[in-house]
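Encoded as structure tokens, the structure appears first; notes follow it.
Chain A is the first sequence line, chain B the second, and so forth, proteins listed ahead of strands; every chain is numbered from 1.
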Protein chains: 2
Amino acid sequence: MKKVTINSVATYAGVSKKTVSRVLNNEPNVSPATREKVLKVFKELDYTPNPIARGLARNRSFIIGCLYDNPSKSYITRVQSGALEACHKHNYNLLIHPCELRGEALIENIEHLLTTSRLDGMVLTPPFSDSEELIAFLKKKNIHFARVASAIDDAESISVRSNDEQGAYEITEHLINLGHTSIAFIKGHPDHSATEQRFTGYQRALAEHNIAFKSHLVAEGNFSYHSGADSAKAILDLNPRPSAVFASNDYMAAAVLKLATQRQLKVPEDISIAGFDNAPIARHIWPGLTTIAQPVEEMTRQAVEQLILQISDEQTPVYQATLEAKLITRESTAKPSC
Amino acid sequence: MKKVTINSVATYAGVSKKTVSRVLNNEPNVSPATREKVLKVFKELDYTPNPIARGLARNRSFIIGCLYDNPSKSYITRVQSGALEACHKHNYNLLIHPCELRGEALIENIEHLLTTSRLDGMVLTPPFSDSEELIAFLKKKNIHFARVASAIDDAESISVRSNDEQGAYEITEHLINLGHTSIAFIKGHPDHSATEQRFTGYQRALAEHNIAFKSHLVAEGNFSYHSGADSAKAILDLNPRPSAVFASNDYMAAAVLKLATQRQLKVPEDISIAGFDNAPIARHIWPGLTTIAQPVEEMTRQAVEQLILQISDEQTPVYQATLEAKLITRESTAKPSC
DNA sequence: CCACACTCTGACACCGGTGTCATAATGTGG
DNA sequence: CCACATTATGACACCGGTGTCAGAGTGTGG
């Protein structure tokens with residue numbers, strides 16, 4: 001079975017390959033008759049154009065790379081889903097590249113990626129969207145990129161984020177309004193800018209409601225379920241025990257819930273628990289977790305869409321947006337019983 | 001900033017581009033002096049070879065496509081993780097392409113994918129690994145592919161699966177050995193071959209232990225949490241209520257657990273619950289779910305590894321393997337209390 | 001000192017498309 | 001019927017690498 005190229009089609013149809021190319025790309029200035037003829041040969045020969053050759057000629061791969069390093073599988077799939085939506089809309093495809101921020105050599109890793117696969121652009125998700133080093137490297141290499149949920153201020157590059165600080169403020173305020181005054185907090189991974197932002201929101205809510213911040217109520221997590229379990233132990237062992245726990249994401253909140261349940265504590269009667277992200281697990285467990293829903297898909301979709309616009313037209317103004325996070329109230333939070 | 005190509009390097013280093021190409025690919029027959037010189041110019045000019053041009057010349061893209069349509073995010077990420085491991089080992093990259101088996105036009109969708117991105121091969125995960133139509137299409141197009149968890153018997157194509165029937169048998173037997181005789185079953189999505197296999201394992205275990213199969217104990221799910229919740233309602237409403245539920249995956253099992261807990265039923269005292277897959281949620285909830293662990297990453301890793309071998313050398317014998325699934329006992333199953 | 005093998009290098013075609021430009025064919029208005 | 005604009009088509013270079021092959025340079029054994 002011989003390969004069918006544009007040349008075979010051209011010969012077979014009795015036209016030049018440029019004309020075949022015109023038909024392929026729906027260019028004008030092809031007579032209807034010729035177009036028909038060529039299209040018929042496409043069918044007959046079962047011709048599929050070679051995207052690589054096209055890519056070489058146009059200096060495009062039509063592939064976007066997606067960088068992430070995140071323990072949350074639901075976050076990753078939401079990112080992928082938003083990115084794919086934008087990609088497919090513009091006939092791009094998505095190549096995934098999970099890697100470690102603190103790996104021995106992030107830059108070398110990315111350099112190798114670019115050697116093995118030409119990418120027209122890259123979407124950076126946390127913590128990469130906050131890596132000054134990586135951003136400098138991409139700029140130097142003239143690689144287009146878009147930042148998702150990045151805290152870095154850089155007017156030159158595309159950025160779509162959500163308001164983490166405000167979300168954390170609102171959920172903390174929600175607990176305060178219920179009557180909680182002793183609210184523990186579990187921090188996220190220190191490499192993620194969201195960690196600091198959520199912590200700030202928590203502190204601001206306390207301050208604005210005249211509740212003294214107590215550092216012994218703060219546990220250091222890293223967004224993983226496991227770290228949540230460790231933090232849960234430390235918090236539930238406190239005496240007096242806080243009446244509420246706000247974990248920086250739902251997995252850690254789920255870990256608190258699990259340990260509380262194991263210890264025969266009733267949630268939310270004995271202790272209220274709040275999370276962040278509105279991951280699927282938040283509604284897959286009982287009681288469902290009060291949390292903050294972030295438009296992860298939408299952030300990524302917008303970021304990739306703008307990235308593709310920028311690739312197609314360098315003149316596109318740099319897009320920067322902040323989307324709203326939204327409080328979702330479920331059964332895991334209530335008035336303190338005492 | 002001008003583009004640095006192999007030509008600029010060649011001119012700058014005072015050698016032919018073929019020699020530069022030799023250095024790039026670590027080919028023999030380059031004098032150490034020349035090699036050094038060229039390598040130095042690489043650094044000086046900050047040269048990165050163009051993978052697209054290389055791809056065109058070699059007729060390779062070094063990209064594997066991954067097809068899936070699965071509601072379980074943990075399954076997807078495990079698949080991706082296994083596939084990536086194999087890809088990176090061989091300097092390949094992974095392009096993801098979720099799509100719908102029952103979408104209006106699967107074949108057109110894939111055809112379009114191949115028009116926008118040349119893939120050296122594809123990994124098919126369920127339910128695509130069971131689609132005769134897709135497999136016929138890929139064969140016709142001469143696209144290499146590997147099947148993961150496929151029930152189709154096709155000695156011509158790579159296949160790595162795990163023993164679902166046996167896993168379902170063992171977990172059912174585990175329940176029977178605990179003393180359960182009334183065991184409800186929640187089926188998975190009808191498009192997935194695993195659904196039928198797990199169901200068969202359940203039935204075989206009942207039969208071999210002389211327990212009559214009762215069709216009213218079987219609910220139709222589709223692997224989604226939501227379908228599990230519906231099935232849970234049907235099962236928990238039964239009178240008499242079965243003493244155990246075996247759901248075809250962990251998400252559906254989690255839904256049963258949640259509803260049972262909401263109804264004040266104690267798990268496992270009042271009702272035992274078992275799942276399948278050993279998804280993260282199985283250990284993130286309380287009580288933890290007894291389930292079957294499948295080597296999803298390993299299956300995919302092997303499939304992709306063999307796929308790449310086949311791409312590099314058509315003579316490679318077709319690899320077919322069946323890996324073992326393993327029973328994981330957690331707190332959600334125990335002796336029936338009555 | 002010569003025949004022969006082996007190492008090193010470059011010229012050139014080629015991969016399968018797209019962009020530019022010249023030219024042929026057709027249409028239009030005066 | 002002609003000058004001129006417009007449409008349709010193809011020749012050819014080019015994208016940035018790799019494969020083939022010829023030839024120059026070097027080494028070895030008889």
Side-chain angles (χ1 to χ4, degrees), chain A residues 2-39 41-42 45-63 91 114-120 141-142 312, chain B residues 2-39 41-42 45-63 91 114-120 141-142 312:
Chain A
K2 270 213 325 255
K3 257 183 304 188
V4 182
T5 72
I6 199 170
N7 288 298
S8 16
V9 174
T11 309
Y12 198 87
V15 298
S16 74
K17 60 185 205 169
K18 179 64 216 187
T19 298
V20 177
S21 168
R22 287 196 180 92
V23 174
L24 258 182
N25 296 289
N26 269 315
E27 285 174 30
N29 297 340
V30 178
S31 74
T34 310
R35 192 179 296 272
E36 278 310 309
K37 190 170 55 180
V38 173
L39 286 173
V41 176
F42 282 176
L45 267 49
D46 196 18
Y47 169 67
T48 312
N50 183 330
I52 300 198
R54 189 188 298 221
L56 179 59
R58 292 210 188 146
N59 196 25
R60 286 280 159 74
S61 66
F62 298 99
I63 294 178
N91 286 329
L114 293 172
T115 308
T116 50
S117 196
R118 183 165 174 347
L119 301 176
D120 288 347
K141 283 281 188 178
N142 273 319
S312 330
Chain B
K2 271 213 323 255
K3 258 183 301 185
V4 181
T5 72
I6 198 169
N7 287 298
S8 18
V9 173
T11 309
Y12 198 87
V15 298
S16 75
K17 61 184 204 169
K18 179 63 214 187
T19 298
V20 176
S21 168
R22 286 195 181 93
V23 174
L24 259 180
N25 295 289
N26 271 314
E27 286 176 28
N29 298 339
V30 179
S31 75
T34 309
R35 192 180 295 272
E36 278 309 307
K37 191 170 56 180
V38 173
L39 286 172
V41 176
F42 281 176
L45 267 49
D46 196 20
Y47 168 68
T48 312
N50 183 329
I52 299 198
R54 190 188 300 223
L56 180 58
R58 293 211 187 144
N59 195 25
R60 286 280 159 74
S61 66
F62 297 99
I63 295 178
N91 286 329
L114 292 172
T115 308
T116 51
S117 197
R118 184 162 171 352
L119 302 177
D120 287 348
K141 283 279 188 180
N142 273 319
S312 330

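- A/Tyr47 meets the side-chain contact (heavy atoms from CB on, under 4.5 Å) test with A/Val4, A/Ile6, A/Val9, A/Leu24, A/Phe42, A/Pro49; sequence neighbours excluded.
- The two atoms that bring B/Ala53 and A/Leu56 nearest to each other are CB-CD1, 3.7 Å, heavy atoms only.
- One axis for each end of the helix from C/dC1-D/dG30 to C/dG30-D/dC1, each built from five base pairs, and the angle between them comes to 40° at 10° resolution.
- Following rounding to the nearest Å, A/Glu36 (CD) and D/dA8 (P) show an atom-to-atom distance of 14 Å.
- Spacing between atom CG of B/Asn29 and atom C1' of D/dT26 amounts to 13 Å, rounded to whole angstrom units.
- For B/Thr11, there are no side-chain hydrogen bond (donor to acceptor under 3.5 Å, both in side chains) partners at least two apart in sequence or on another chain.
- If you measure from atom CG of A/Asn59 to atom P of D/dC15, you get 10 Å, rounded to the nearest angstrom.
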Give me, pair by pair, the N or O atoms of the protein and of nucleotides 17-20 of chain C that are less than 3.5 Å apart, along with how far apart they are.
from   : atom 1 : to      : atom 2 : distance (Å)
C/dG17 : OP1    : A/Tyr47 : OH     : 3.0
C/dG17 : OP1    : A/Asn50 : N      : 3.2
C/dG17 : OP2    : A/Ile6  : N      : 2.6
C/dG17 : OP2    : A/Tyr47 : OH     : 3.4
C/dG17 : O5'    : A/Tyr47 : OH     : 3.1
C/dG17 : N7     : A/Lys17 : NZ     : 2.8
C/dG17 : O6     : A/Lys17 : NZ     : 3.0
C/dT18 : OP1    : A/Asn25 : OD1    : 3.4
C/dT18 : OP1    : A/Asn25 : ND2    : 2.8
C/dT18 : OP2    : A/Ser21 : OG     : 2.4
C/dT18 : OP2    : A/Asn25 : ND2    : 3.4
C/dG19 : N7     : A/Lys18 : NZ     : 2.9

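- With sequence neighbours excluded, the residues satisfying side-chain contact (heavy atoms from CB on, under 4.5 Å) with A/Asn25 are A/Ser21, A/Glu27, A/Arg54, A/Arg58.
- Residue B/Pro28 is the one, among B/Pro28 and A/Ile52, whose nearest nucleotide of DNA chain C lies closer to the 5' end (criterion: closest heavy atom).
- Closest approach of A/Lys37 to A/Ala13, counting heavy atoms only: CE-O, 3.6 Å.
- Taking both residues in full, the closest heavy atoms of B/Asp46 and A/Lys141 are given as OD1-NZ, 3.4 Å, listed atom of the first, atom of the second, then distance.
- Under 4.0 angstrom from either OP1 or OP2 of C/dT7 there lies no side-chain N or O belonging to B/Ser31.
- The shortest distance between the side-chain N/O atoms of B/Thr19 and the OP1/OP2 oxygens of C/dC8 is not below 4.0 Å.
- Residues satisfying the side-chain contact (heavy atoms from CB on, under 4.5 Å) test with B/Ser312, not counting sequence neighbours, are B/Ile308.
- Rounded to whole angstrom, the span from the CG atom of B/Leu56 across to the C1' atom of C/dC15 amounts to 4 Å.
- In this structure, the side chain of A/Thr116 does not engage the main chain of B/Asn91 through any donor-acceptor pair within 3.5 Å.
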